[in-house]
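Some notes on the structure that comes next.
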Amino acid sequence: MQIDAPWLRAPETQQVLALLTDAGHGAFVVGGCVRDAILERPVSDIDVATDAPPVRVMALAKAAGLKALPTGIDHGTITVVAGKQAFEVTTFRRDVATDGRRAVVAFASDIADDARRRDFTMNALYAQSNGEVVDPLCGLSDLRARRVRFIEDPARRISEDALRILRFFRFHAWYGDPAAGLDTDAIAAVVEGAAAVENLSLERIGAEVTRLLAAPNPAPAAAAMATTGVLPRVLPGADARVLSPLCHIENTVEAAPHWPRRLVAMGAAAQAARKLRLSRTDARKVAQIAAALALPGAEAAYRQGAAAARDAALIQGASQTPPCAPNAQTLADLDDAAVQRFPFTAADLPPGLEGPSIGAALRDAEARWIASGFRATRADLFE
């Protein structure tokens with residue numbers, strides 16, 4: 001099989017591969033870029049695997065006039081910059097020892113050794129500069145079947161790096177076949193090793209969980225996380241059952257996947273910022289949706305904005321029995337409420353009020369204005 005992608009044909013990619021092959025070394029693009037090219041999905045990062053030692057990669061890149069940075073030289077990775085594109089060029093490796101978080105590696109000369117240290121068969125795909133795919137571990141058939149399968153022994157792969165538990169669920173959400181279910185050998189290994197996720201950094205957990213929830217339909221993967229005991233370990237109290245009706249409602253109203261909405265729907269808003277180490281921006285989005293969920297629709301839009309109110313409406317619809325999507329008029333009303341501006345100020349209050357009485361009077365007037373559907377005038381509120 002051959003892949004034909006603009007990023008592979010690009011002069012920068014060809015130059016990096018050629019500087020290695022012209023010197024007698026093997027050079028392949030590898031992993032996600034090959035996988036996504038086969039699936040005709042967008043590719044952002046381009047990784048290169050080679051049998052050339054890292055010091056040799058550095059020397060060849062500099063001789064070709066390219067910038068070479070020893071970003072991970074101890075683990076065999078050199079970042080080579082060609083044009084405006086950065087390539088992570090990594091020497092073939094094999095694991096010598098692992099502790100569940102970090103690995104001690106030795107450089108290798110065999111592409112099969114390099115493939116065996118990866119996580120899933122669909123990620124152990126390589127391609128030459130002409131697009132010819134090299135598949136040392138039969139990952140192509142798994143990719144075509146949308147089957148997320150660990151390389152060789154799942155328990156061993158998980159013991160090497162516990163993050164692979166979360167990656168397994170994320171990859172199923174993005175690449176797996178929901179109808180076929182999850183690989184049973186992998187599930188058994190996940191159940192056995194689930195406690196190891198508690199040793200991962202919160203930043204790594206947060207990155208995996210939010211990326212999983214951004215998938216078109218994360219419901220099956222999240223449900224499996226719950227039944228295997230992984231979800232309670234990373235987000236205690238979170239309930240994945242709402243995701244299936246929520247995703248259906250999102251499709252009904254043509255709402256794009258939005259992981260903060262889904263996180264709030266699972267009842268995880270209060271702990272998300274801490275448990276997932278969210279950025280301030282992301283934590284604010286989650287808090288706004290949670291706040292909107294606690295308010296009536298119009299007031300939610302007025303106080304938290306249209307986006308948060310729409311998210312809250314979708315969550316409320318998914319939580320009903322049976323689930324019910326908000327209609328177009330409801331969503332339009334939220335958009336209208338979000339642009340309203342309170343027409344009353346302290347200057348409009350009767351004379352004689354002071355201190356806390358001013359704030360109380362303004363809050364009362366604002367509440368009456370909202371209750372009127374934003375129709376009460378300044379004179380109505382004064383009375």
Side-chain angles (χ1 to χ4, degrees), residues 7-8 10 12-13 15-21 23 25-36 43-120 122-127 129 134 136-137 151 156-167 170-171 199-208 211 277:
W7 59 265
L8 181 58
E12 295 83 359
T13 308
Q15 182 182 15
V16 171
L17 295 174
L19 71 86
L20 295 164
T21 56
H25 298 287
F28 308 83
V29 289
V30 61
C33 60
V34 180
R35 177 197 66 225
D36 290 340
V43 168
S44 54
D45 298 326
I46 305 173
D47 294 330
V48 175
T50 180
D51 58 3
V55 291
R56 176 70 167 155
V57 175
M58 289 275 291
L60 291 171
K62 290 180 178 179
L66 301 180
K67 181 185 293 185
L69 306 172
T71 47
I73 193 167
D74 290 342
H75 287 80
T77 299
I78 303 297
T79 298
V80 177
V81 181
K84 296 182 179 180
Q85 178 70 50
F87 300 81
E88 284 202 348
V89 182
T90 303
T91 304
F92 292 162
R93 300 174 293 179
R94 57 182 176 84
D95 287 336
V96 174
T98 58
D99 63 3
R101 295 183 67 178
R102 302 173 187 86
V104 177
V105 300
F107 300 140
S109 58
D110 188 349
I111 195 172
D113 286 339
D114 189 69
R116 288 191 187 97
R117 71 172 305 276
R118 298 179 183 272
D119 47 12
F120 310 117
M122 64 172 59
N123 288 339
L125 295 170
Y126 302 71
S129 60
V134 179
L137 303 177
I151 290 171
R156 182 175 178 180
R157 296 287 82 79
I158 288 172
S159 70
E160 292 167 348
D161 185 353
L163 188 68
R164 288 171 173 171
I165 292 176
L166 299 182
R167 283 174 59 83
R170 171 167 69 86
F171 269 72
N199 298 323
L200 297 171
S201 71
L202 298 182
E203 290 86 354
R204 298 179 86 193
I205 292 173
E208 291 297 329
R211 291 169 74 182
R277 285 288 170 88

Can a donor-acceptor pair be found, under 3.5 Å and without considering hydrogens, that links the side chain of [X] to the backbone of [Y]?
X: T79; Y: E88; result: no
X: Y126; Y: A115; result: yes
X: R157; Y: I151; result: yes
X: R277; Y: G206; result: no

How many angstroms lie between atom [atom1] of [X] and atom [atom2] of [Y], to the nearest 0.5 angstrom?
X: T71; Y: I78; atom1: OG1; atom2: CD1; value: 6.5 Å
X: L19; Y: L66; atom1: CG; atom2: CG; value: 6.0 Å
X: I111; Y: F28; atom1: CD1; atom2: CZ; value: 4.0 Å
X: R94; Y: D110; atom1: CZ; atom2: CG; value: 10.5 Å
X: D47; Y: F87; atom1: CG; atom2: CZ; value: 10.5 Å
X: D51; Y: D113; atom1: CG; atom2: CG; value: 12.0 Å

Any idea which heavy atoms bring [X] and [Y] closest together, and the distance?
X: I73; Y: P54; result: CG1-CB, 3.9 Å
X: A23; Y: R56; result: CB-NH2, 3.7 Å
X: A82; Y: Q15; result: CB-OE1, 4.1 Å
X: P136; Y: V134; result: CD-O, 3.4 Å
X: G76; Y: F107; result: CA-CE2, 3.5 Å
X: W7; Y: C33; result: CZ2-O, 3.4 Å

Contact check, side chains of D114 and T90, non-hydrogen atoms, under 4.5 Å
no
What I'd like to find out is whether the side chain of V48 reaches to under 4.5 Å of the side chain of L20, using heavy atoms alone.
yes
Step-by-step side-chain contact (heavy atoms from CB on, under 4.5 Å) determination, R118 to V30
CA-CA 11 Å; R118 298 179 183 272; V30 61; 3.6 Å; yes
F120 vs F171 aromatic rings, parallel, tilted or perpendicular, using cut-offs 30° and 60°?
tilted
Run L200 and E208 through side-chain contact (heavy atoms from CB on, under 4.5 Å) and show every step you take.
CA-CA 11 Å; L200 297 171; E208 291 297 329; over 6 Å; no
Residues E160, R156: salt bridge by 4.0 Å N-O rule
yes
